[in-house]
Amino acid sequence: MAAQTYDVIVIGAGPGGYVAAIRAAQLGLKTAIIERENLGGICLNWGCIPTKALLRSSEVFHLMERAKEFGLSAEKIDYDLDAVVKRSRGVAKQLASGVSHLMKKNKVTVVMGEASLPAQGKVSVKTDKGVQELTGTNIILATGARARELPGLEGDGDLVWTYRDALVPPRMPKKLLVIGSGAIGIEFASFYNTLGADTTVVEVMDRVLPVEDAEISAMAKKSFVKQGMKIMEKAMVKQLDRGKGKVTAHIESGGKVEKMEFDTVISAVGIVGNVEGLGLEALGVKIDRTHVVTDQFCRTGVDGLYAIGDIAGAPWLAHKASHEGVMVADLIAGKHAHPVKPESIAGCTYCHPQVASVGYTEAKAKELGLDVKVGRFPFIGNGKAIALGEVEGMIKTVFDAKTGELLGAHMIGAEVTELIQGYVVGRQLETTEEDLMNTVFPHPTLSEMMHESVLDAFDRVIHM
């Protein structure tokens, strides 16, 4: 059977991949997409979406426990873990089926199977019905990434969980160890701690959420400890001894090793790109620490071959992958494409309290030699936050003192993952402090704190 020919072949149907396929099809390009597991990829099925569904359940549970604060009565508050997980899986399934609908609507050919590139412009797919050959003028790699597993700390689905295990837990942990305090680790720590697990977080760096601004990390740690978590920074899990129903963790901190017992461990120590088995090395594709090396337009250096999303390196975020998918499709179609600027992509962590940021931290801006002005505004000074009963948090802004450019914004508190987009738009439009100060923010809203933080940076704050 002759190989089918396409203008664009996308390998991987996560957010970057399926968005690239849809955009390519919209531009009139004959498009196929190949996926070995689930349409929607990790994000929709085993990442962003189902974790947020779990966290929403824990958030509602937390609010119910606070009912008396709001003049309400709620007795015998409890939860059904199986039902919580079932709702999460249902949300993921609903969105994944939506991706299938979008493929049909946009006339994108879907091939389920394992892809490899035997030669430039050629794709071979192992399917349930045999091997299918495709030819593509342009091929977009969007194979994503998977959890990094360190020797001796590998998941087993019973005592030691990966993120997948943590999404469909066989039981509620009583004493939980979370290894790693990045977004994935902290979100699971927040979920299980809120539902009553005795939670310990171990972080090898000198602070939790280490990519965030130092002040935000400090506030987050204070809040987590207040909620009952044990936070161990500059610490490392050296060994896990697995026994019957328990794990003994050897944790090194301050030059000493302490043994601690847990019934459950979640390993969240980063990700590795899915580059194996594709035949990339033979094509001359450069790979650095499991990630494909690309230029600002996601070109690999091999004619007609692109790499987007997690496989192409940091930041490892679904919205970055989606934007790259659109950019590459536009580039292939001869449209004017805008390269993605990593420093203008927001990062969001959906723990309690939420954390969000965009641009440079104060430390990074100073490291770059910039003269900065910094503004801060606390949630306790905002009327809407007080009315919501969410007074814990802060919004911090960093400006170039000479030009007024918004260099970065950093937030912790209720709904900051929604608020951050205001500053993202501001950076995209190259907004200055004058533009932000002259903008009228609605009252009463949490967004008013965004205004006040800017005012504070230039000694004009009103409500503090």
Side-chain angles (χ1 to χ4, degrees), residues 12-18 35-58 81-97 99 112 114 142-173 176-195 197 199 201-202 237 240 242 247 249 262-277 290 309-311 316-318 321 348-351:
Y18 79 73
E35 172 56 47
R36 67 182 179 183
E37 192 174 2
N38 304 112
L39 292 179
I42 293 297
C43 179
L44 266 64
N45 294 280
W46 295 101
C48 319
I49 300 303
T51 55
K52 304 313 162 282
L54 290 180
L55 285 159
R56 176 59 173 167
S57 291
S58 67
L81 185 61
D82 289 341
V84 169
V85 172
K86 183 179 179 181
R87 176 181 181 271
S88 170
R89 301 313 305 154
V91 170
K93 184 178 179 181
Q94 178 182 342
L95 286 166
S97 64
V99 174
M112 298 302 295
E114 188 97 18
T143 53
R146 62 186 183 279
R148 181 186 300 278
E149 294 199 284
L150 299 179
L153 309 184
E154 298 93 345
D156 54 35
D158 179 21
L159 299 172
V160 183
W161 297 350
T162 64
Y163 66 89
R164 286 203 181 204
D165 302 317
L167 282 167
V168 286
R171 64 179 183 280
M172 178 64 192
L176 172 67
L177 169 64
V178 178
I179 308 174
S181 75
I184 295 173
I186 281 297
E187 286 183 359
F188 279 125
S190 189
F191 171 73
Y192 284 108
N193 188 75
T194 299
L195 294 187
T199 305
V201 178
V202 172
V237 178
L240 293 176
R242 307 174 201 220
V247 179
F262 302 90
D263 63 71
T264 310
V265 177
I266 296 177
S267 179
V269 290
I271 63 171
V272 292
N274 293 322
V275 294
E276 304 89 349
T290 79
D310 288 357
I311 193 179
W316 296 289
L317 300 166
C348 298
T349 305
Y350 298 81
C351 48

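FYI, side chains are in, hydrogens and waters are out, and symmetry mates aren't considered; it's all heavy atoms of this structure. Residue numbers start at 1 and run along the sequence shown.
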Could you tell me the separation between the [atom1] atom of [X] and the [atom2] atom of [Y], rounded to the nearest 0.5 Å?
| X | Y | atom1 | atom2 | result |
| --- | --- | --- | --- | --- |
| T143 | I42 | OG1 | CD1 | 11.0 Å |
| L44 | N38 | CG | CG | 10.0 Å |
| S88 | L55 | OG | CG | 9.0 Å |
| S267 | L153 | OG | CG | 5.5 Å |
| I186 | T199 | CD1 | OG1 | 10.0 Å |
| L177 | L240 | CG | CG | 7.0 Å |

Measure across [X] and [Y] and return the closest heavy-atom pair with its distance rounded to 0.1 Å.
| X | Y | answer |
| --- | --- | --- |
| A166 | W161 | CA-CE3, 3.7 Å |
| T290 | G273 | OG1-N, 3.0 Å |
| V201 | S181 | CG1-CB, 3.8 Å |
| E154 | G152 | OE1-N, 2.9 Å |
| Y18 | A13 | CD2-O, 3.7 Å |
| A197 | P173 | CB-O, 3.5 Å |

R89 side chain vs V84 backbone, donor-acceptor pair below 3.5 Å: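 No; zero donor-acceptor contacts below 3.5 Å.
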N193 side chain vs A189 backbone, donor-acceptor pair below 3.5 Å: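 Side chain of N193 to backbone of A189, a donor-acceptor pair under 3.5 Å: no, none is there.
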Ion pair R171/D158, N-O distance below 4.0 Å: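 So R171 pairs with D158 through a salt bridge.
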With a 4.5 Å heavy-atom cut-off, do [X] and [Y] have their side chains touching?
| X | Y | result |
| --- | --- | --- |
| R36 | N274 | yes |
| D310 | I271 | yes |
| F188 | L176 | no |
| T264 | L159 | no |

E37: partners by side chain to side chain donor-acceptor pair (under 3.5 Å), with sequence neighbours left out: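 By the side chain to side chain donor-acceptor pair (under 3.5 Å) rule, E37 matches R164.
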Side chain to side chain donor-acceptor pair (under 3.5 Å) partners for S190, two or more places apart: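 Checked S190 against side chain to side chain donor-acceptor pair (under 3.5 Å); zero matches.
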Cation over ring face, R148 and W316, 6.0 Å, 45°: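 Not flagged: R148 not positioned over aromatic ring of W316.
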Hey, is [atom1] on [X] packed in by over 12 heavy atoms from elsewhere, all under 6.0 Å?
| X | atom1 | answer |
| --- | --- | --- |
| E276 | CD | yes |
| K52 | NZ | yes |
| I184 | CD1 | no |

Stepwise side-chain contact (heavy atoms from CB on, under 4.5 Å) check, I179 with I266: CA-CA 6 Å; I179 308 174; I266 296 177; over 6 Å; no
Candidate list L54, T51, V178, test side-chain contact (heavy atoms from CB on, under 4.5 Å), partner E187, passing option: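 Exactly one pass, corresponding to T51.
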side-chain contact (heavy atoms from CB on, under 4.5 Å) evaluation trace for D263 with V247: CA-CA 6 Å; D263 63 71; V247 179; over 6 Å; no
